[in-house]
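Numbering starts at 1 and runs along the sequence shown. This one's a predicted model, so the numbers in the text were calculated from it and none came from an experiment.
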Amino acid sequence: MSPYRSKGKGRDNAHGSTNRRIHVDLQPGVWTRYRIEIDGPKARPYVHGAEQPVLVVNDLKLEPREGGVALWVGPGTEGYFAGLKITPKSADMRSSSQTPVVSRIYFDRAHGEAPWPPQMEAIGERLSYRLEAGSAPLTAAALAGARLIYLRAPSKAFQEPEKQAIVSFVKAGGSLLLVLDEEERQKLAVVGVNDVIAPFGLKLSGDMPRIVNTGALAKAGEINKADREIPYDGGRQVFGGTPFAYQLGRNGNPAQPYAAYVKLDEGGRIVVMGEGMASLFLGTPDGVRLKLEPAHPKWWGKDSSIFMEEVLHWLLTR
């Protein structure tokens, strides 16, 4: 599909209405996310999850009537469609106080990840998302229709086509949550996830010096509504993006960032974490920093659940 480049206003029609267009680029060879709202003779297409339509049509050629829906591409153009959903406008709850649209989270299981923690089911009921385990290689077709890819502690290598599929998914308006733990669990050079996040200005370090049960702090901001105490016991630093969670030092003050986010103009959102305890919903109210009982560890960091819910909510928000 050739890039669509258009600016300005369309011409007035015979009825005096104006069709308006704005500039948008479509990248050949990657999936492009569309949403088209139709109301009587009017239509508004949205691309890449944008809040504003790329085209406002006030005078569709045919009168509204019952019937089928056809999709096609222009002569001499190769194109594919996937994940088509047709929703009556009265049932589309994106701007309604009624039941919201259910988002799909693609939870990767093809690269050595464990199943999702059970707490994610309860959060899904509140945030209206549906978890889908993916055990096949990552492709554009597998990710079609998903809002978020969740890579939680992968330990096996991502192949080059899979890396490109993830990058293209995010550039087209999808979201990515990547959690990687220490080298003894997931070897950075083997897994290769820095290749996935590098196009967005992010990078994970090797292991940072371990401070036993030091804990971490997520600061109030765009993602978290208030400061959140979360568990941390050895992990990595995240370079780039906007840091929002930090390992605590021995003195209890924030040290290097272990989590950061990126928000793209096209609608894509990324969160990268360099340690996995919060994503496992660990941490207790009675946990004591810098102390550890190996037989019955009580990890410092009581806010894992609300922290993860706020992260997922932000990633699923357009």
Side-chain angles (χ1 to χ4, degrees), residues 148-154 166-167 170-171 174-183 185-186 188 191-283 287 289-290 299-318:
L148 167 65
I149 308 171
Y150 191 178
L151 309 178
R152 208 210 75 77
I166 299 171
V167 171
V170 175
K171 287 184 176 180
S175 290
L176 169 66
L177 174 56
L178 169 62
V179 178
L180 205 70
D181 216 302
E182 296 172 281
E183 280 288 305
R185 298 181 180 88
Q186 297 106 44
L188 185 59
V191 178
V193 289
N194 267 343
D195 295 339
V196 173
I197 59 178
F200 308 104
L202 292 159
K203 179 182 178 180
L204 282 160
S205 76
D207 286 352
M208 300 299 294
R210 183 190 179 201
I211 303 175
V212 173
N213 196 16
T214 183
L217 185 69
K219 298 296 293 181
E222 181 165 346
I223 293 180
N224 301 111
K225 294 181 180 179
D227 288 357
R228 307 299 186 194
E229 297 178 358
I230 46 182
Y232 183 102
D233 184 69
R236 308 171 186 270
Q237 181 173 351
V238 180
F239 298 98
T242 302
F244 71 100
Y246 304 82
Q247 175 192 342
L248 296 177
R250 295 186 183 278
N251 57 5
N253 295 326
Q256 76 275 354
Y258 104 92
Y261 70 84
V262 169
K263 183 165 63 173
L264 305 180
D265 293 339
E266 298 81 4
R269 298 186 173 200
I270 306 169
V271 167
V272 176
M273 301 182 193
E275 203 262 14
M277 296 181 74
S279 69
L280 287 174
F281 299 87
L282 300 177
R289 286 190 69 249
L290 308 178
W299 303 106
W300 184 91
K302 60 181 176 57
D303 296 327
S304 286
S305 183
I306 184 62
F307 168 78
M308 285 303 300
E309 183 164 342
E310 289 173 330
V311 168
L312 290 165
H313 178 268
W314 184 81
L315 286 165
L316 294 170
T317 301
R318 292 186 180 276

Enquirer: Go through it in stages, so that I can follow the logic: the residues are Glu222 and Lys263, the test is salt bridge (charged side-chain N to carboxylate O under 4.0 Å, His left out), and I'd like the CA-CA distance, side-chain angles, deciding distance and then a yes or no.
Expert: CA-CA 11 Å; Glu222 181 165 346; Lys263 183 165 63 173; 2.7 Å; yes
Enquirer: Can you list everything that forms a side chain to side chain donor-acceptor pair (under 3.5 Å) with Lys302? Sequence neighbours excluded, please.
Expert: none
Enquirer: Hey, does the side chain of Asn194 reach the backbone of Leu204 with a donor-acceptor pair shorter than 3.5 angstrom?
Expert: yes
Enquirer: Do any N or O atoms from the side chain of Asp227 and from the backbone of Ala220 form a donor-acceptor pair under 3.5 angstrom?
Expert: yes
Enquirer: CD1/Ile270 to CG/Leu264 distance, rounded to the nearest 0.5 angstrom?
Expert: 5.5 Å
Enquirer: Can any side-chain N or O of Asn213 pair as donor or acceptor with the backbone N or O of Trp300 at less than 3.5 Å?
Expert: yes
Enquirer: Counting N and O atoms only, with roles assigned by atom type, does the side chain of Arg289 sit under 3.5 Å from a partner on the main chain of Gly215, one being a donor and the other an acceptor?
Expert: no
Enquirer: How close do Ser304 and Pro231 get, heavy atom to heavy atom, and via which atoms?
Expert: OG-CD, 3.0 Å
Enquirer: What pair of heavy atoms forms the shortest contact from Ser279 to Tyr150, and how long is it?
Expert: CB-OH, 3.5 Å
Enquirer: Taking Asp233's backbone N and O only, do any of them form a donor-acceptor pair with Glu275's side chain (distance below 3.5 Å, no angle check)?
Expert: yes
Enquirer: Just say parallel, tilted or perpendicular for the rings of Phe244 and Phe307, cut-offs at 30° and 60°.
Expert: parallel
Enquirer: Looking at Glu182 and Arg210, is any side-chain nitrogen of the basic one under 4.0 Å from a carboxylate oxygen of the acidic one?
Expert: no
Enquirer: Between Leu217 and Pro254, which heavy-atom pair has the shortest distance, and what is it?
Expert: CD2-CG, 4.3 Å
Enquirer: On a heavy-atom basis, which atom in Leu148 and which in Leu315 lie closest, and how many Å separate them?
Expert: CD1-CD1, 4.1 Å
Enquirer: Sequence neighbours left out, what passes ring-ring contact (aromatic ring centres under 6.0 Å, His included) with Trp299? Give chain and number order.
Expert: none
Enquirer: Where the side chain of Gln237 meets the backbone of Met208, is there a donor-acceptor pair that is under 3.5 Å apart?
Expert: no
Enquirer: For the side chain of Thr214 and the backbone of Leu248, is there at least one donor-acceptor N/O pair under 3.5 Å apart?
Expert: yes
Enquirer: Just by modelled atom types, is the Asp181 backbone N or O under 3.5 Å from a matching donor or acceptor in the Arg236 side chain?
Expert: yes
Enquirer: At their closest point, which heavy atom of Tyr258 faces which heavy atom of Ala278, and how far apart are they?
Expert: OH-CB, 3.9 Å
Enquirer: If you look at every heavy atom in Asp207 and Glu183, which pair is closest and at what distance?
Expert: OD1-N, 3.1 Å
